[in-house]
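What follows is a short report on a single structure.
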Amino acid sequence: MLGTVAPLQANLSTVLVQIVILSSLYALVALGFTLIFGVGGVLNLAHGANITIGAFVAFVVSSQMGYGGFVGLAAAFVLTGLLSGAYYLGLIKRIQDEPIMVMIITLVTAVAVEEVIRFVYGSQPKVLTLLSGRVNIGGSTVTFTQLVAFALSALLIVGMFAFVNYTRQGKALLATSMSHKGAALVGIEANRINLLVWVGAGALAGAAGVFLGSIQGASWAMGRAPLVLSFSIVVLGGIGSIRGSVLGAFVVGTLEILTVQYVDSSLTGLTPLLVLVAVLLLRPEGLFGRELVEA
Amino acid sequence: MDWSIPGMIAMAGTADEAAADETEASSADATTTTGDGILTVEDCAVSYGKVTALRGIDLTVGEGEFVAVIGPNGAGKSTLCNTVSGFRDYTGSVQYHGTEVGGQSPRDLVQRGLVHCTESRDLFGYMSVEDNLTLGAYRANTNTKERLRFVYDLFPALEDRTSQLARTMSGGEQQMLAIGRALMGDPDLLVLDEPTLGLAPVILDDISEGIEQIREEGVTILLAEQNVTFALRHADRIVLLENGEVVRRGSPEELREDDYIRESYLGG
Amino acid sequence: MSEDTASGRITEEGGRSLPSVPGRYVVGIVGLLLLALLPLLANMELGLGVPGVFVFVVDDLFLLHLTTALYFGMFAMSWDTVSGYTGQISFGHGLFFAVGAYTSALLNLGYGIDPILSIPAGIVLAAVAGIVIGVPALRLRGPYLSLVTLVAPLILLQLFIFRSDVFGGELGLRNPENFLGFGVNDAAIVYYIALGLFVAIMALLLVVTRSDAGRVFTAIREDEDAVSSVGINPAKFKIFAFVLSAAIGGLAGAMYVHTPVGGPTPTELMSTTVNVEVIIAAVLGGMGTIVGAAIGGIFVGIVPQLLDSSGWIIPGFLPVVGGTPVADIDFLIFAVITLFLLYVLPGGILRAVIRNGRRVRNSRRGDDGVATDGGQSERVFTRVLRGWREKRRGDDDE
Amino acid sequence: MDSDEGTTRGRQVKRRRFLEATGAGVAGVTLAGCVSTGGDDGGGGDGGSTGDTDSGGGTTTGTASGGSLPDTVSIGVLAPEPSSNPIGASIANAAELAVTQLNEEGSGPEFEVSVKDTREQPDEGRSKYRELTIGEEVDMTTGIFTSEVLLAVLDDIANQQTVHMTTGAATPEASARVRDDYESYKYHFRTGPLNAYQLGVNMIDFLEAKQSDLGWESVAVLVEDYEWTKPVSQALDDEIDRAGVEVAMQERYASGTENFTPIYDQVESSDADAALIAMAHTGTPAVVQWAKQQRPFEFGGIHVPMQLPSYYEATSGACNFGVTQNSATPQSEVTEKTVPFSEAYNEQYDSYPVYTGYITFDAVKQYADVVQQAGSVEADAVVSGLEESSFLGTAGTIEYYPPDNEFAHDVVYEEGKVDPVFQQWQDGNQEVIYPDDLTTADYQKPSWL
């Protein structure tokens with residue numbers, strides 16, 4: 001092999017730009033998963049499927065129906081949110097007190113969604129377009145799509161943050177994530193909050209799917225990697241903590257870029273998983289987090 | 001357990017008293033459907049799987065009354081509180097303002113003024129004192145600012161730490177916060193479960209004082225308490241629960257005179 | 001204390017009603033006999049009696065399919081040992097199958113070691129993996145444990161991808177030697193080996209789970225604190241359950257790669273799909289029963305293959321998928337059926353059957369007070385075991 | 001040997017088991033010598049002749065091959081996701097089209113196809129192969145796109161002693177087995193593409209020939225980490241010097257990679273003129289990110305999805321300026337049969353085939369040709385027939401390397417026989433830029449450079 005060629009290293013500013021862009025996208029990817037885990041105490045393993053659905057809704061609306069990238073994005077945001085809410089009401093609500101059942105059912109659902117998408121749209125990746133063109137920031141090539149993804153991700157995250165911390169419903173949501181009993185005692189109806197959370201999580205995942213789809217291409221199995229990333233990010237950041245998730249996303253994003261740039265690109269998938277296990281074993285409450293709350 | 005033998009003997013002595021109490025309650029129900037009770041419990045039983053936690057409970061709490069349920073650990077006090085506030089399935093009847101609790105969610109009950117302050121407090125640990133209190137008024141249709149003022153006046157210690165996270169406070173402060181949060185819900189009936197548990201005597205006095213003030217506001221209180229002295233000091237009527245059943249009921253004065261109570265709960 | 005009463009009842013009931021073996025036990029024996037006799041029905045057409053509808057021929061191909069299903073049943077039983085009994089739900093049991101399988105395959109491919117020796121090596125490494133997963137499991141509960149187990153095979157897969165030169169990456173290694181040299185042309189022998197292993201594993205797991213250790217497993221699932229409070233160390237038993245389960249899973253995995261139906265690839269052994277299918281199998285069959293997991297495993301193993309070779313076409317009136325051959329979307333159909341079954345029968349098919357059967361029997365006998373499923377099957381099994389013992393030793397058992 | 005009555009299949013299994021039990025050494029070899037698959041196949045298809053064929057036994061294979069062809073010849077096709085993957089669809093459709101044409105010509109026996117989905121998974125492929133051979137008892141199999149699937153099936157091919165003509169998988173491991181254990185593995189032929197090592201050599205040939213047009217002085221070698229690319233890397237290692245380009249960086253990136261941004265950043269900082277690629281599974285995100293990020297380097301090599309005629313549309317034009325090797329493009333006259341085939345295919349299926357389509361079409365046609373020449377579907381006769389065959393197909397003149405060759409039973413790579421084209425996507429068209437006699441356009445640099 002051509003082993004004599006040393007791996008080349010990109011300069012620091014390039015790496016930083018890449019980290020910021022990738023991490024904010026990861027934060028968006030993980031946020032919905034965090035919310036559902038934090039508030040409902042269940043792992044939604046169909047989260048990745050929401051991402052895929054979002055990407056394909058955008059593909060249909062923007063490419064097949066020709067409404068353009070941003071209409072596709074809006075459609076993905078709304079439709080995926082609604083679908084997720086309907087899914088909660090139809091299937092999850094009845095079993096939400098059995099976290100293991102929820103894991104199994106959502107995992108099977110994810111498989112079914114993948115199969116449907118593969119059947120209908122084929123196994124070849126689709127390409128989504130938000131904007132074309134690129135700029136050079138700090139020596140790194142950044143496409144407008146990436147910039148838009150970054151900006152909108154940041155906006156959505158800030159919006160989420162504001163909603164949770166400064167609105168009545170948001171605070172009720174946060175309260176539910178801290179104590180189900182407490183929430184019930186003050187008259188917060190968990191089912192409504194859960195519905196809200198599933199709709200929100202679906203919408204955010206839908207948007208994340210559009211961004212991923214326009215950066216990397218949309219395919220039926222595109223949701224798997226983000227789902228696994230979400231595990232790491234959520235556990236790293238601490239359960240249910242939005243700030244923690246953003247932080248966790250940055251840690252995972254940074255590690256990924258650094259691994260690819262300075263170590264070996266084939267370790268990309270491994271690093272976040274190792275981080276996840278290390279955190280679970282050494283500091284299960286997460287870097288930012290709360291103690292383990294038994295449901 | 002050691003309660004059985006003295007309990008049985010003592011019960012024989014006061015059997016007619018208890019019987020009288022019961023007939024009174026049931027006759028009241030027979031004439032008016034709601035009675036004057038804000039809360040009416042009749043022949044209520046609760047079980048966890050095969051274990052029966054409560055059986056044959058009859059209890060009425062009148063408007064503005066202060067009723068205390070006393071009994072040892074595991075007697076079923078918390079189960080009773082949870083049943084009353086809609087967290088437990090039961091057989092028999094539990095009516096709040098004349099409507100069966102069973103058909104209503106805790107949320108409905110809170111909205112209708114039945115507020116429960118649990119033994120475990122269930123505060124929102126990562127939220128500030130003020131946020132906890134504000135959420136207490138989530139269902140109340142009252143002026144939040146006014147209620148907040150009332151709670152701060154009641155427990156000045158809370159006002160000093162409005163932005164402190166609930167989980168970082170001392171046990172006594174957390175208890176004040178829990179009661180405060182319950183009061184934010186503008187309760188008609190306040191169910192207080194073990195407010196004194198594990199608190200230092202100094203704090204106990206603050207809580208005591210607070211509860212008296214709440215009472216003066218006209219709030220009806222159902223108190224579950226292991227600390228019998230505390231309960232006797234505040235309550236209008238006392239119910240003794242043992243092993244899931246009511247074994248005594250009466251006024252504090254009557255129960256102070258009761259040999260069994262004196263022996264088992266008041267240290268002779 | 002429940003142990004005493006239980007065993008007391010066993011003696012009593014055993015003495016009273018030894019001859020009446022419950023129906024589902026008979027069904028189990030008949031089922032096993034049927035499996036054992038199947039190869040003799042070579043080239044016969046089995047089906048629903050309606051010509052052209054769901055007919056399959058017992059040929060080599062069918063035996064090979066059934067072999068796969070038997071191994072899947074073994075996977076499901078190994079999962080049930082730890083997850084169904086102790087309640088430590090593992091979402092990554094494929095890790096153990098894969099460790100056993102890859103170890104044996106690598107030893108065989110790389111060093112030419114005979115499967116007879118490489119399979120035990122696979123079992124040992126799988127048991128070690130059981131400790132590696134079991135120890136952290138002591139600290140974690142609920143979703144956190146599930147996360148670790150879910151992620152563990154993914155980590156292994158990433159390692160395989162990273163060192164694809166050794167492990168063959170995403171698409172796996174080539175097939176190692178067949179066990180004792182029996183290949184595709186010896187379908188019946190391959191099938192009997194699988195059936196033998198299946199029965200042996202089932203018997204072993206039944207004995208273990210119906211023993212004192214099994215009762216502790218169940219107690220851990222019901223209330224771990226209560227177990228500690230009576231002076232039993234749950235940690236010890238949890239680790240034991242993990243190691244036992246991992247070793248059995250490793251054994252099944254290692255044997256599987258040395259059959260003509262199995263190979264050392266992630267899709268067969270450790271993909272998320274496999275992990276979920278194992279859980280589905282046990283949940284559908286009834287968690288915490290071993291027999292249920294075994295039946296569920298065979299079901300989950302064979303149904304997609306039958307669907308696949310059925311040649312059916314989805315009716316045209318259905319949206320989207322109308323007019324498609326079933327074989328094209330068999331996995332989707334399977335997922336939908338599973339969702340439906342999980343939703344309708346969350347307690348498992350076996351349990352539903354038991355429950356109904358018992359209701360019938362109870363109403364007939366006017367007998368109530370049957371405690372739990374575990375208790376019931378335990379009594380049945382102990383009773384039979386006892387009868388068997390009596391036959392062997394004579395009547396000096398009392 | 002046993003001569004008891006019963007169905008052919010039952011007897012065959014019993015006999016084989018008997019052989020195993022008596023410790024007959026390497027089963028495959030022994031069986032190849034004494035079991036007449038021709039007789040079995042004939043018997044399976046036609047119960048009346050059982051006695052006759054069987055009395056011929058293993059020794060009179062020659063008689064069987066000299067005998068008559070069966071009325072129907074069945075062909076098993078293994079394709080990845082034929083309903084959703086264009087590569088698999090091309091395999092399945094081309095086989096069907098070939099059979100339809102053969103049956104319309106009507107000179108020989110009736111041909112029929114049975115298509116099974118491998119899902120690109122080794123276990124699935126193996127199971128489907130058995131359904132075809134054991135279950136449906138087809139006379140030959142073709143297809144298989146994924147190398148890992150082919151490797152999983154190779155032993156079964158030896159066991160079933162059924163001719164298999166690979167039309168997608170490139171691993172040279174298959175030909176190595178044919179060479180090393182000819183008696184067991186002689187049933188395997190690779191009608192196309194070139195084996196993976198030769199694919200690499202072909203890339204070097206292209207670079208060397210087009211050096212002046214391309215102007216690539218240094219390249220970054222980007223290769224996805226799958227079985228088939230290992231020999232490609234090896235060939236590039238061995239021979240890149242003669243192409244006169246410098247290797248600025250080399251990356252064998254992980255299978256399943258989706259985010260190419262960091263890799264491309266490295267390519268940029270290596271100052272390579274072009275990325276020299278070998279991609280099949282991961283091709284789409286790679287080319288899309290290259291184009292969308294308008295990376296300042298050119299992009300070419302082997303890129304399987306880019307061979308799709310519909311790819312420009314599928315990627316919204318992202319593949320523009322990308323270069324890839326291909327067996328043929330719909331408009332290129334590789335042979336006189338190329339364009340008629342692609343047009344017939346387009347008429348039938350409303351799209352143009354991918355390279356696996358051309359190869360599968362050739363494989364089926366060549367097989368039919370050999371079978372009719374030999375007058376038998378018996379495996380040994382077909383094997384020797386194929387070894388001697390020189391067949392003008394759509395992708396070139398198909399001949400196979402002899403058994404003692406390094407690449408035994410692989411298609412011969414030579415100018416004038418099979419010599420892949422290199423195409424570049426230019427504004428929605430697959431323009432051939434190499435070899436020179438087929439060129440339809442000149443190489444263009446990406447517009448953003």
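Proteins come first, then strands; the chains are lettered A, B, ... in the order of their sequence lines, and each starts at number 1. Computed from a predicted structure; not experimentally measured.
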Check: Do you know which of A225(A), G217(A), S214(A) has the most heavy-atom pairs under 4.5 Å to chain D?
Finding: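 Among the listed options, the one with the most contacts to chain D is S214(A).
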Checklist line | Winner by heavy-atom pair count (cut-off under 4.5 Å) against chain D, out of T145(A), I215(A), V135(A), I257(A) | finding: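 Greatest number of close heavy-atom pairs with chain D: I215(A).
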Next item on the list: Specify whether F321(D) and W448(D) have parallel, tilted or perpendicular ring planes, treating 30° as the upper limit for parallel and 60° as the lower limit for perpendicular.
Entry: perpendicular
Which heavy atom in [X] sits nearest to a heavy atom in [Y], and how many Å separate them?
| X | Y | answer |
| --- | --- | --- |
| V232(D) | A278(D) | CG1-CB, 4.1 Å |
| V210(A) | A76(A) | CG2-CB, 3.3 Å |
| P285(D) | E258(D) | CB-O, 3.7 Å |

Next item on the list: Might you work through the ring-ring contact (aromatic ring centres under 6.0 Å, His included) test for F231(A) and F33(A), ending with a clear yes or no?
Entry: CA-CA 8 Å; F231(A) 298 162; F33(A) 189 75; 5.5 Å; yes
Counting only heavy atoms closer than 4.5 Å, note whether [X] contacts chain A via side chain, backbone, both or neither.
| X | answer |
| --- | --- |
| N259(D) | both |
| T315(D) | both |
| E81(D) | side chain |

Check: Salt bridge between R118(A) and E114(A), side-chain N to carboxylate O under 4.0 Å?
Finding: no
Checklist line | Under 4.5 Å from any heavy atom of chain D - which part of L128(A) | finding: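 Contact with chain D is through the backbone of L128(A) alone.
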Check: Which answer fits Q216(A), side chain, backbone, both or neither, if we ask what part of it has an atom under 4.5 Å from a heavy atom of chain D?
Finding: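 For Q216(A), backbone and side chain are both near chain D.
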